[in-house]
Amino acid sequence: MIKEKVNIAVFISGRGTNLKALILRSNKKTCNYKIAYVISNKKNAAGLKIAKKNKIITKVISQSFLKIEQKKLAKILINKNIKFICLAGFMKILSPYFLNFFKNKIINIHPSLLPKYKGLNTHKRALEAKEKFSGCTIHYVSKKLDSGKIIAKKKVKIFKKDTLKKLEKRVLKEENKLYPLVLEKLVRS
Ligand code: GAR
């Protein structure tokens, strides 16, 4: 039983399966972290409903997310004693200004075996390149897109008859397993 759980903020833009996986794990007595805050840059993100259902405070940031708003948000997160920020399908690049507030405390999950297929349409590109494996990667967030130090990877086999949907589903299943495990490990260290 963990007495004091470490506060985590999760940044999302969409459906929120990774957020849900992180929350489910955090609800276990033995889990060392708690999702204390969910931030979205999309007001209609389905993940916001998941957060609200779990009684987690949410906040929608503006599309421009200018310096003054970044500073405000950083202050809020620091006041809430947030120790790590998990990007989970957050489709906006955080500025170096914001990153500076949380050096080595922001992590991201990406649906490819980095450094391969940074950016968008990862599964499509992996299929087109006739890769034998794809997967997901968790890494620290740095100034360059999908380029920070790698923390963990999970390989997923690509089958000859795979479609985009099938591959995405298989990788997502692994993402949802990997993210909570890696976060727990990081919090522990
Ligand atoms: C996930 O596949 C995640 O790896 C990807 O967005 C999806 C979000 O799904 N992130 C990126 O592509 C970031 N570069 P979710 O909203 O169900 O967690």
Side-chain angles (χ1 to χ4, degrees), residues 8-27 33 35-54 56 58-61 63 65 84-96 98-99 102 105-129 131 133-158 162-184 186:
I8 307 292
V10 182
F11 283 37
I12 59 163
S13 298
R15 95 198 125 177
T17 67
N18 280 298
L19 167 67
K20 192 174 174 187
L22 290 168
I23 295 172
L24 280 177
R25 181 85 184 183
S26 75
N27 288 339
Y33 70 81
I35 308 300
Y37 211 28
V38 172
I39 314 285
S40 174
N41 66 322
K42 302 267 184 211
K43 67 175 190 302
N44 295 323
L48 284 173
K49 284 195 189 131
I50 298 173
K52 283 176 189 156
K53 212 172 153 189
N54 284 277
I56 298 167
T58 61
K59 185 175 179 64
V60 177
I61 54 168
Q63 277 310 320
F65 196 42
F84 285 95
I85 294 174
C86 294
L87 308 188
F90 184 63
M91 296 306 191
K92 192 163 176 63
I93 294 172
L94 291 169
S95 74
F98 186 83
L99 295 181
F102 298 95
K105 297 290 173 202
I106 309 182
I107 62 174
N108 179 43
I109 189 154
H110 184 74
S112 78
L113 295 173
L114 288 173
K116 277 190 168 178
Y117 308 115
K118 297 172 183 177
L120 299 173
N121 303 318
T122 54
H123 302 308
K124 185 169 179 273
R125 288 188 283 151
L127 284 174
E128 280 170 2
E131 295 280 1
F133 291 94
S134 184
C136 55
T137 307
I138 295 175
H139 63 94
Y140 287 103
V141 175
S142 65
K143 286 174 200 162
K144 270 187 158 179
L145 180 73
D146 301 327
S147 299
K149 191 176 166 221
I150 290 171
I151 305 167
K153 281 190 209 189
K154 176 73 189 181
K155 250 183 174 181
V156 170
K157 189 155 172 42
I158 297 182
D162 258 344
T163 59
L164 204 60
K165 259 195 167 169
K166 278 186 185 167
L167 179 60
E168 195 210 337
K169 197 174 165 196
R170 202 175 315 118
V171 172
L172 192 63
K173 200 172 163 192
E174 295 305 327
E175 289 185 40
N176 295 166
K177 278 195 233 163
L178 187 66
Y179 217 174
L181 292 179
V182 167
L183 179 59
E184 266 202 300
L186 219 61

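One-based numbering, in listed order, for ligands and for the atoms of each. Just so it is clear, the model here is predicted, and its values are computed rather than measured. Below, all heavy atoms of this structure are taken into account, side chains as well, without hydrogens, waters or symmetry copies.
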Any N/O pair N108/ligand 1 closer than 3.5 Å: no
Quick one: look up the protein heavy atom nearest atom 10 (N) of ligand 1 and list residue, atom name and how far away it is. I109 O, 3.6 Å
Is there a heavy atom of G16 sitting under 4.0 angstrom from any atom of ligand 1? yes
Out of H110, K118, K92, whose heavy atom sits nearest atom 14 (N) of ligand 1? H110
State if M91 counts as touching ligand 1 under the rule of any non-hydrogen atom under 4.0 Å. yes
Check whether more than 12 heavy atoms from other residues, nucleotides or ligands sit under 6.0 Å from atom NZ of K153, and answer yes or no. yes
Excluding sequence neighbours, so at least two apart, what forms side-chain contact (heavy atoms from CB on, under 4.5 Å) with A129? Y117, E131
What is the nearest protein non-hydrogen atom to atom 7 (C) of ligand 1, stated with its residue, atom name and distance? R15 NH2, 3.9 Å
Using distance alone, with no hydrogens and no angle criterion, decide if S147 and K118 have a side-chain donor and acceptor under 3.5 Å apart. yes
Student check: side-chain heavy atoms of F65 and L94 closer than 4.5 Å: yes
In terms of atom number and element, which parts of ligand 1 are under 4.0 angstrom from non-hydrogen atoms of D146? 14 (N)
Measure the distance from atom 5 (C) of ligand 1 to every protein heavy atom, then report the residue, atom name and distance (to 0.1 Å) of the closest one. P111 CD, 3.8 Å
Distance from atom 4 (O) of ligand 1 to nearest protein heavy atom, with residue and atom: E175 OE1, 2.7 Å
Would you call E128 and K124 a salt bridge, taking side-chain N to carboxylate O under 4.0 Å as the test? yes
Which of the atoms in ligand 1, numbered in the order shown and given with their element, are less than 4.0 Å from a heavy-atom of G89? 6 (O), 8 (C), 10 (N)
Between K166 and D162, is any pair of side-chain heavy atoms under 4.5 Å apart? yes
Tell me whether the rings of F98 and F11 are parallel (<30°), tilted (30 to 60°) or perpendicular (>60°). tilted
Please enumerate all residues that pass side-chain contact (heavy atoms from CB on, under 4.5 Å) together with K165, with sequence neighbours excluded. T163
Please determine whether any non-hydrogen atom of I12 lies less than 4.0 Å from an atom of ligand 1. no
